[in-house]
Amino acid sequence: MIKAEWFYWLVGLSFLVMASQMVTDRSNPKRFGTGAFWGLIGAGFIYSSWVVTKQAPAEPLGAAVLVMACLAGFGFTGRGTPRTTTPEQRTASAVRFGNRLFVPALTIPAVAMACAIGVKHLTFGGEPVLQEGSETILGLGIGAVVALVVGMIMLREKRISVPVQSGRSMLEAMGWAMLLPQMLATLGAIFQVSGVGDQVGKLTTAVLPEDSLYIAIVVYCVGMFAFTMIMGNAFAAFPVMTAAVGWPVLIGHFDGNPAAVLAIGMLAGFCGTLVTPMAANFNIVPAALLELKDQYGPIKAQLPTAGILLGCNILIMALFAF
Amino acid sequence: MIVLLGVLVVVIGFATKRNPLLVVGVAGIATGLLGGLSPGKVLAAFGDGFAGSRAVTIFAITLPVIGLLERYGLQEQARRLIARFAKLTTGRFLALYLGLRQIGAAVGLTNVFGHAQTVRPLAVPMAEGAAERKYGQLPERTREKVRSFSASADNVGLFFGEDVFLAVGSILLITGFVNTTYGTHLEPLQLALWAIPTAVCAFVVHGWRLLRLDRQLERELLTAHVHDTAAVEAAQ
């Protein structure tokens, strides 16, 4: 059986290799801090396998995560001069290879799709070929590895150091943004165990007037929107708002259609995801990946859409769920 | 009530544009301690959180191959390809991308597109290429705008497509939470059907905004060119 952990190890290992390249890269004025940051992430990826199975303590990893946050947060990381081709060389290469260049790039989604649809159901010796529940992650990982092999053969590139160096440049360009989604997921978990959700739920119930269906709908949808903005994740907001307003008031008291109320409530939360830096992997990471100067660029592009769709969700719920 | 101070730390931190990693670190430590966790437990929470959320970083596995292809001119080829389709403007191309992303997500292919795999190497060069064909070299501000809107097409398509698919995380979360907490029997299919009206609204609203982007680009770039010519004439 192909396990998701293997790909986490592969990612961890490549971070470690890239970290050693970063330390020796004299064009980077902050090479030691940069190397330490990515080295810790790489080691953390591998060590995590035993934390997940409870065979190793989580505290050292937690301390390492805080060290990573300080390294990046206090400006100890930087980037070297990428060793790459000139624009002229790239244009010449594009003319030479033409649309064949798309083949490896499209291999990733093609393999991901094949895994999600087909390989998912295959078994070998009574066991599923892909670890259950991780098919999409595995599809992405396998797709990337296959695409790399296809790309290297097609481009007649024999040095594995070339893609590793290119990947490293992209990592350096992204910098701290790369760790942010995982940090935020952690924060969500800490909020959960510390009872932040319960408190917000109590506050909402306290301010909600009784016997007004439309106000209750607005409070549920806007609450999902606002709480998702704070937590960065509609999944974290959903249990809180549903326990506070959705179930007792909208479904219990006003006899709403549960499927409609809950599905639309979740989508109101997704509108919040569009406009918060807390949803880092959708908003901040792409800004870094696309090398934008304004890290809030994607959020600004999404803000009007999010506002209009929140209104649509409130309307759809008011018209069809009761 | 006092644990809500952690939320306040986050809001103030982002509002004052501190480094997000530090904001989140401080907010996590503060909330954990105020919520009655011991310092050791707070450390363990950070460790468990990192270990449990590695899936969001696994896209890094695609960076070497994307980097390799970019070295050999992938973005340039994407621009060249789009230049052949005269009718495909930036806005029309991004609206098409939005639709494909939504349909892909709605049939469960959430990892088929994405910022690292598709937006950076393919969608952005194509969107920029369409504008460049018409207006020539893009000024920095316009380039940022086109890139931001490319990222937005991916996000809106994913969020409002995936809930139409039965086996997606959020649908399973809803049924899991409600069925265990309130003892009901909600079926994923019922929820997925109710996601369709919003999915249609999302396509219409964001698609319309993407199409309008063409007119904004025209206005910005034509006036920019007028300024350029005026400056050149003034210099002469």
Side-chain angles (χ1 to χ4, degrees), chain A residues 8 11 48 51-52 58-59 61-62 65 69 72-73 85 90-91 93-94 101 108-109 112-113 136 140-141 144 147-148 151 155 163 166-167 170 176 180-183 185-187 189-190 194 196 235 259-260 262-263 266-267 270 277 281-282 286 289-290 292 297-298 301-302 305 308 312 316, chain B residues 3-4 7 14 19-22 24-25 28 31-32 35 43-51 53-56 58 60-65 67-68 71-74 76-77 109 111-112 115 117 120 144 147-149 151-152 155 159 170 173-174 177 190-191 194-195 197-198 201-202 205-206:
Chain A
Y8 292 130
V11 172
S48 292
V51 172
V52 169
E59 288 86 350
L61 183 60
V65 169
T85 43
R90 285 200 291 273
T91 309
S93 166
L101 280 169
I108 303 176
M113 198 184 302
T136 51
L140 189 66
L148 186 60
L155 301 166
S166 314
M170 286 170 81
W176 54 262
L180 190 55
Q182 279 186 267
M183 281 291 278
T186 308
L187 184 65
I190 293 180
S194 305
V196 170
F235 294 8
L262 301 173
M266 182 65 103
L267 292 165
F270 285 4
N281 45 336
F282 298 112
L289 197 60
L290 303 177
L292 295 180
Q302 285 156 189
T305 302
I308 298 171
C312 291
I316 294 170
Chain B
V3 294
L4 291 180
V7 177
F14 275 116
N19 180 285
L21 283 184
L22 291 180
V24 174
T31 309
L43 273 188
F46 272 101
D48 283 327
F50 180 90
S53 59
R54 283 172 299 161
V56 295
I58 199 136
I61 206 168
T62 62
L63 295 182
V65 63
L68 174 75
R71 201 185 147 90
Y72 279 92
L74 178 67
E76 283 71 11
Q77 182 58 23
L109 305 173
N111 274 341
V112 167
H115 294 287
Q117 315 88 294
R120 173 175 162 138
E144 289 247 328
R147 291 184 174 196
S148 298
F149 270 92
S152 77
N155 283 336
F159 292 176
S170 52
L173 179 101
I174 297 175
F177 173 72
Q190 297 169 284
L191 291 158
W194 279 107
T198 310
C201 289
V205 170
H206 204 62

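Chain letters run A, B, ... following the sequence lines, proteins first, then strands; residues in each count from 1. Given the structure is predicted, the values throughout are model-derived calculations rather than measurements.
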- Message: Using a 3.5 Å distance criterion without hydrogens, assess whether the side chain of Q182(A) forms a donor-acceptor pair with backbone atoms of F50(B).
- Response: yes
- Item | Most contacts with chain A, counted as non-hydrogen pairs under 4.5 angstrom, among G73(B), C201(B), A202(B) | G73(B)
- Note on the structure: Most heavy-atom pairs under 4.5 Å with chain A, out of P64(B), G49(B), G35(B), belong to P64(B)
- Query: Highest number of heavy-atom pairs under 4.5 Å with chain B: which of L262(A), I190(A), T305(A)?
  - Reply: T305(A)
- What is the distance from atom CZ of R71(B) to atom OG1 of T85(A), rounded to the nearest 0.5 Å? 5.5 Å
- Heavy-atom proximity to chain B below 4.5 Å, by part of I316(A): side chain
- Item | Heavy-atom check, side chain of R54(B) versus side chain of V52(A), under 4.5 Å | yes
- Message: Within the structure provided, determine whether L140(A) and Q117(B) are in side-chain contact (heavy-atom separation under 4.5 Å).
- Response: yes
- So which heavy atom on T31(B) is nearest to which on S194(A), and how close? O-OG, 3.4 Å
- Between I308(A), L155(A), L148(A), the one whose heavy-atom pairs under 4.5 Å with chain B are most numerous: L155(A)
- Any donor and acceptor pair, going by atom type alone, linking the side chain of S152(B) with main-chain N or O of Q302(A) inside 3.5 Å? no
- Parallel, tilted or perpendicular, as decided by the 30° and 60° cut-offs, for the rings of F159(B) and F270(A): tilted
- Please determine, among A45(B), A55(B), A195(B), the option with the most heavy-atom pairs under 4.5 Å with chain A. A55(B)
- For chain A, which of T62(B), D48(B), V65(B) has the most heavy-atom pairs under 4.5 Å? V65(B)
- Which atoms of L292(A) come close to chain B, meaning under 4.5 Å heavy atom to heavy atom: side chain ones, backbone ones, both, or neither? both
- Task: Let me know if M183(A) has heavy atoms under 4.5 Å from chain B in its side chain, its backbone, both or neither.
- Result: both
- Message: Out of L180(A), V51(A), N281(A), return the one with the most heavy atom pairs under 4.5 angstrom to chain B.
- Response: L180(A)
- Drop me the distance from L290(A)'s CG to H115(B)'s NE2, to the nearest 0.5 angstrom. 8.0 Å
- Counting heavy-atom pairs under 4.5 Å to chain B, which of G141(A), A147(A), A263(A) comes out on top? A263(A)
- For the residue pair L61(A) and F46(B), establish whether any side-chain heavy-atom pair is separated by less than 4.5 Å. no
- Which residue out of P197(B), G32(B), G67(B), A44(B) racks up the most heavy-atom pairs below 4.5 Å with chain A? A44(B)
- Message: Using a 4.5 angstrom heavy-atom cutoff, name the option from I61(B), L63(B), L4(B), V7(B) with the most pairs to chain A.
- Response: I61(B)
- Query: Among S48(A), G167(A), S166(A), G297(A), who wins on heavy-atom pairs under 4.5 Å with chain B?
  - Reply: S48(A)
- Task: For each of A301(A), P298(A), G151(A), tally heavy-atom pairs with chain B at distances under 4.5 Å, and name the one with the top tally.
- Result: A301(A)
- Message: If I take atom CG from residue L267(A) and atom OG1 from residue T198(B), how far apart are they, to the nearest 0.5 angstrom?
- Response: 4.5 Å
